[in-house]
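Below is one structure, written out as structure tokens, with a few remarks after it.
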2 protein chains.
Amino acid sequence: MARTDDRFRSAYNTLLDICGSMGVGEQLPPETALADRMEVSRTIVRSALQKLDTEELIKWEGRRKTLIRKPEKKHRLALAESAPSTEELEQRFLEWILRFDVPAGTALNVAQLSRQFGVPAHSLQEFLASLSRFGLVERGQKGGWTLLGFTAEYAIELSEFRMVLELNAIRQLLAQAPDHEIWTRLEALKSDHEALKEDIETRYHDFSMLDKQFHMTINSVVKNRFVIEAQKVISLIFHYHYMWDKTFEQQRNAAAIDEHLELLNALLAKDSERSEAAAVRHLRTSKETLLSSLRDHKLV
Amino acid sequence: MARTDDRFRSAYNTLLDICGSMGVGEQLPPETALADRMEVSRTIVRSALQKLDTEELIKWEGRRKTLIRKPEKKHRLALAESAPSTEELEQRFLEWILRFDVPAGTALNVAQLSRQFGVPAHSLQEFLASLSRFGLVERGQKGGWTLLGFTAEYAIELSEFRMVLELNAIRQLLAQAPDHEIWTRLEALKSDHEALKEDIETRYHDFSMLDKQFHMTINSVVKNRFVIEAQKVISLIFHYHYMWDKTFEQQRNAAAIDEHLELLNALLAKDSERSEAAAVRHLRTSKETLLSSLRDHKLV
DNA sequence: GGTTTTGAATAAAATAATTAAAAACAATAT
DNA sequence: ATATTGTTTTTAATTATTTTATTCAAAACC
């Protein structure tokens, strides 16, 4: 067999639904209409009609497609569950690298990984190709793929890149008009932080989510596809590290909240110098946390 | 047939060379040594030896591989010319988009493009996947690929991204020690610019190369894989536009040289404010040039 | 006669199958 | 005991095959 007929199967099922909503003896719409409605090509419509004909649910003669009897549950075709999306794959892949501390230089086995992640080898290949743009993997000379990161150097460079992008975001943010929605969002973030600070001893786990939201909000003012794409990976990696680095989590998060609040206050006061200083301070802490979590993990 | 035996063929030819440098009756080195020397696996060495044996160039019994007679020209295997590298493919692809002004939203046909560029469909697929990270192409819902850029919006965002990265580079550059090699390189660039300015009326075509060198030098102080990767695409796109936008080329280049010199002088004077201002001015001009060339081209 | 619909042929994309190459392992000769 | 070879297993690149999409001409309907 070559490609799957998932598309045909799901189309056939929706065609059964269409038949079900019609009366016996009625005519089915033309092929083109069905194709448009079901968002598939006419080829699929035709093969589905053929099957309906052989199942004796319709009588198909030329352009006359008459419903003979209503379809029942048994007529439906079973669907294979769809493979994870690219984003899911990305998450799973990065989680695998970070969680199992896969060392730099590891040869990646497309066949095995595709089984592991439950995606066609094809998709994984494409995914690795796209990751190669972030310097996380590389094509080997003798074929195959090699994992380059995740090293301390990678983390440093990622942090620096993050700093460049985020300082730019802050400069752009401060240039927004006073009636821009960003200001109300920052106010909301501020109260969220203050609330969490109150209950830090019990709810310190919630910080991870808040941190992600915080950085996303700040970066949301930058409407640039390159920056957005880069931020996606940055956030993913930093986020995952937060997830499983549990050393001094409470103190670390308490300190981070203060740093966030400092930046939020500076931003709301529209004090650009203080904002930049606060951002630099926080991003440096973040980088150190990332690095130390890497070191700790390497010792395990 | 499955994969090509190019690897075998070229290995066989180098093995012929090795035999040619030996005397008749001598023993060939062990398989592992040959494999190391030729940078292929032992499997290939063994199949090459097998062929040498059947061609009666060597006598192969156990670990005794005796050269019977010297190989001649007729024994060499013809090599298929190798497919273009990823970088070449990237260049050709971008050139194709920019040169033929392929509109945004065009469905890309992998089969046809792979023929056009003389690469396996497979490689093209991978290449498109990697380009998707730069938002230039996208996977279609019904399969296949769609070209998203190259629109004016894309150009604007690319220019802005470039501005962010290049201003960062300038800040880093100014922080370098006085004995860093960058300063002598800047001095050299300055005289190159002055020389070209003298002969601008005859040599204005040479500016394109000098521009590329100029931006590469400035960015070379940033040792960050993400920045480097991004710069590669940026430089490629800007460079190609320079290549075929011939309107007012001479005046434009003359003006750009002055902007470059202004920045170079500010940098060499280690005047950060003047440097940033000069950089912003030049990058804005660059952006306008890119945009106007896009507009002009659209009218053709 | 013109429009809509269908039939059939062609092209392309996704996946399986196939083959080349690499690596791992076991056996043998030095 | 070590170096080298023979054999087997795995992996990756490419072709082949099947499903799906598209195109174009013929036929049916108004």
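Throughout, a chain's letter reflects where its sequence line sits, starting with A, and its residues are numbered from 1.
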When the distance from [atom1] of [X] to [atom2] of [N] is rounded to whole Å, what number comes out?
X      : N      : atom1 : atom2 : result
B:E61  : D:dT5  : CD    : P     : 13 Å
A:D6   : C:dA16 : CG    : P     : 11 Å
A:M38  : D:dT20 : CE    : C1'   : 13 Å
A:H122 : D:dA12 : NE2   : P     : 15 Å
A:L124 : C:dA14 : CG    : P     : 16 Å
B:I44  : C:dA23 : CD1   : C1'   : 13 Å
B:L108 : D:dT22 : CG    : C1'   : 17 Å
B:Q27  : D:dT5  : CD    : C1'   : 14 Å

Measure all distances between protein nitrogen or oxygen atoms and nitrogen or oxygen atoms of nucleotides 2-4 of chain D, and list the pairs falling under 3.5 Å.
residue: D:dT4; atom: O2; partner: B:R63; partner atom: NH2; Å: 2.9

If you define the side chain from C-beta out and look only at heavy atoms, does anything of A:V137 sit under 4.5 Å from A:L148?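 Not touching, per the 4.5 Å side-chain cut-off.
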
Considering heavy-atom distances to DNA chain C, does A:R64 or A:E126 have its closest nucleotide positioned more toward the 5' end?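 Result: A:R64.
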
Pick the closest DNA chain C nucleotide for B:D5 and for B:R42 by heavy atoms, then say which residue is nearer the 5' end.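 The residue mapped nearer the 5' terminus is B:D5.
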
Do the side chain of A:N13 and the main chain of A:L77 share a donor and acceptor less than 3.5 angstrom apart?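 Present.
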
Would you mind listing every salt bridge (Lys or Arg N to Asp or Glu O under 4.0 Å) that reaches into residues 8-23 of chain B, with sequence neighbours excluded?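 The answer is B:D5-B:R9, B:D17-B:R76.
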
Could you note down all residue pairs passing salt bridge (Lys or Arg N to Asp or Glu O under 4.0 Å) where residues 42-68 of chain B supplies at least one of them, sequence neighbours left out?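 The answer is B:E31-B:R42, B:E31-B:R46, B:K51-B:E55.
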
Just to verify, what does A:E157 make a salt bridge (charged side-chain N to carboxylate O under 4.0 Å, His left out) with, not counting sequence neighbours?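 Per chain and number, A:E157 pairs via salt bridge (charged side-chain N to carboxylate O under 4.0 Å, His left out) with B:R225.
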
B:R92: salt bridge (charged side-chain N to carboxylate O under 4.0 Å, His left out) partners, not counting sequence neighbours: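 B:R92: no salt bridge (charged side-chain N to carboxylate O under 4.0 Å, His left out) contacts found.
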
Using the side chain to side chain contact (heavy atoms under 4.5 Å, CB included) criterion, which residues pair with A:L236? Sequence neighbours excluded.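 Side chain to side chain contact (heavy atoms under 4.5 Å, CB included) check on A:L236 returns A:E90, A:Q91, A:L94, A:Y240.
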
Check whether any side-chain N or O of B:N109 sits under 4.0 Å from OP1 or OP2 of D:dT22, and answer yes or no.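 Result: no.
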
Would you say C:dA22 has OP1 or OP2 under 4.0 Å from some side-chain N or O of B:S41?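 For B:S41, the contact criterion (side-chain N or O under 4.0 Å from OP1 or OP2 of C:dA22) is met.
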
Touch class at under 4.0 angstrom, heavy-atom based, for B:Q125 against every strand present: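 B:Q125: backbone/sugar contact only, no base atoms under 4.0 Å.
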
Just call it for B:R9: base, sugar-phosphate, or nothing, with non-hydrogen atoms closer than 4.0 Å on any strand.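 It contacts nothing in the nucleic acid.
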
Go nucleotide by nucleotide along DNA chain D from the 5' end; which of A:T43 and A:W145 gets its closest nucleotide reached first?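 Upstream on the strand: A:W145.
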
Restricting to ring pair (Phe, Tyr, Trp, His ring centres under 6.0 Å), what partner residues turn up for B:F161, sequence neighbours left out?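 Per chain and number, B:F161 pairs via ring pair (Phe, Tyr, Trp, His ring centres under 6.0 Å) with A:F226.
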
Tell me, which of residues 46-60 of chain A have any heavy atom that sits under 4.0 Å from an atom in DNA chain D?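 The answer is none.
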
Is it true that, when you exclude A:R69 itself, more than 12 heavy atoms of the residues, nucleotides or ligands shown sit nearer than 6.0 Å to its CZ?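 Check passes, neighbour count above 12.
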
Qualifying side chain to side chain donor-acceptor pair (under 3.5 Å) pairs, either residue in residues 104-120 of chain B, two or more places apart: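 Residue pairs with at least one partner in residues 104-120 of chain B: B:Q112-B:Q116.
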
